Amino acid sequence: MDRLDGKNDTSRRRFLKGIAAMPVLALTGRQNLIGHSAGLPPGEKARASSVALSSASDRKFVAIQIGGRSFVDEGVEKCLDTLQEKGGVNTLMSTVFTYGRGLAGRQVPGQPLPDHGVQAYDEIHGGSYTKVHPEFYAKSVIKNLRAPELGDFDIFADVIPKAKARGMQTYALFEEAYNPRLMPNFEKIAEVDINGKIGRSTCLNNPDARNFLMSMVADWFSNNELDGLMWESERQGPFNNTIGAEFGRFRGNASINCFCAHCVRKAAEQGINVARAREGYVALEQWVKLTLDQPRASDGAFVTLWRLLLEYPEIMAWEKFWFHSQEEVYGLLYGTVKEINPRAHVGWHIMHLVTMSPFYRAEQDYARLARVADFIKPCTYNNCGGPRLAQYVRNVQSTIFRDSTPEEVLEFHYKMLGYEGEASLDELPTAGLSANYVGEETRRAIADVQGAVPIYPGIDIDIPTALNEKRTQPADVKAAVMTAFKAGAPGVVLSRKYAEMKLTNLAGAGEAVRELS
Ligand SMILES: [Zn+2]
């Protein structure tokens, strides 16, 4: 199946060749890849994607995120049998690189083991779960990244032929979860906070960090018959982090990134006053401390914060600079894949916060992201969404919305985000969010991209929550999948990883897929 007619294919290839040929420095200018002047003409993108969508409608796209550990523990063929039979799965999103537990390894310790796989917890080292071809890392400062814990098992070479034989596709899935202690030279690609401290993630503007990511992607796509790629860049900019707009418990000590030499130089070239941005963030950090610790300021929290933003517009300029840098990396990875395999389907996992925080939602503009994507996966995780949204609300209530009660802040968020009929703050952690939330977020994303790319909502199957909080039930999964498809999604991504899903819950997805087809 060719998603593009001949003429578009040629012009698209020429455009993408252009991206890949561009030296990194050229990409750091004002005209980044996402800019209207540089992207594919909207008509061309929409035409190409409408062909993709009409073809996809023949068969719903049912993907599952899965790590190598499950194939090793359960056997490749048996695992594929289970995925097809229980989940109606036709696409593997195989975790090829991570140092985290969210996408690799068995069940997270402390959570009950599911009804399949080896009944014991494991330790993970992390790294690459496919063979590393050194010639692709000549320009990378990070070289030895093969994960040791699964021996010679290769999540691509050992699975793709067997999946293909069944008509299943394979996408490479990777995320920004690093372990600096296990990655020699990590300091050369690390982000640097406002105090000069090296962080646990990479700088988005550091040429070595970009080369490292592009080396891995080029290696995977040159050596394997992959159908697609999905990257999880689960982080946000310094303003959102500083005010605690997150769903983990906020303690008022966010690290403010990135102020490395590359970022400072590039921001200055873009006309941002770096010294003022630094001063602004120091003042913002101070405002957060005072707001958390002191009685209400006479003018209230919101007014004093707004006054600070008026005084230091550079705070917002640095935030914008941050997420535009992230979008440039999306563009680079997109171009890297397309240069090797123009037909591979490249897309982005947009972290769960996009359904909770209006600040993050404003930055993650799907219409703009669609210019360097073939699909977008918004995380519409409704079960763990309950406790996560409740904690998010408590976090932002403690800072920017200090003038209101937590209950009022939640109601206000429901209105801003467009959710109706969801639980009150007391009940939210145990009730979770509804299937309707999955539908609302799916419809919103589809409207935003105007059909330019397919939207594949992420479906929550047993994403860990505390044992006394909302836990996934088969009916939740079935309702979420049904609602996503009825809202117009041509596909779904069952998340986070097969190793933590109960088969009884996975079967909820399979039931929905069968009923709808
Ligand atoms: Zn930097």
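Each residue takes its place number in the sequence, starting with 1. Note: hydrogens, waters and symmetry copies are ignored here, and every other heavy atom, side chains too, is used. Computed from a predicted structure; not experimentally measured. Ligands are counted one by one from 1 in listed order, and the atoms in each one are counted from 1 as well.
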Would you mind writing out the side-chain donor-acceptor pairs for residues 96-106 within the sub-3.5 Å range, not counting sequence neighbours?
from, atom 1, to, atom 2, distance (Å)
T98, OG1, G100, N, 2.8
T98, OG1, E175, OE2, 2.4
R101, NH1, D122, O, 3.0
R101, NH2, D122, OD1, 2.5
R106, NE, D73, OD2, 2.6
R106, NH1, A120, O, 3.2
R106, NH2, D73, OD1, 3.1
R106, NH2, D73, OD2, 3.3

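- A search for ring-ring contact (aromatic ring centres under 6.0 Å, His included) contacts involving Y392 returns H413, not counting sequence neighbours.
- Between H133 and F136, the ring planes are perpendicular. Angles over 60° get that label, and only those under 30° would be called parallel.
- Applying the salt bridge (Lys or Arg N to Asp or Glu O under 4.0 Å) definition to pairs two or more places apart or across chains, those involving residues 233-257 are E176-R235, E191-R235.
- Distances under 2.8 Å from the Zn ion (ligand 1) pick out the protein N/O/S atoms C203 SG, C258 SG, C260 SG, C263 SG.
- Aromatic ring centroids of F61 and Y171 lie under 6.0 Å apart.
- Taking the six-membered ring for Trp and the full ring otherwise, the centers of W231 and Y330 sit less than 6.0 Å from each other.
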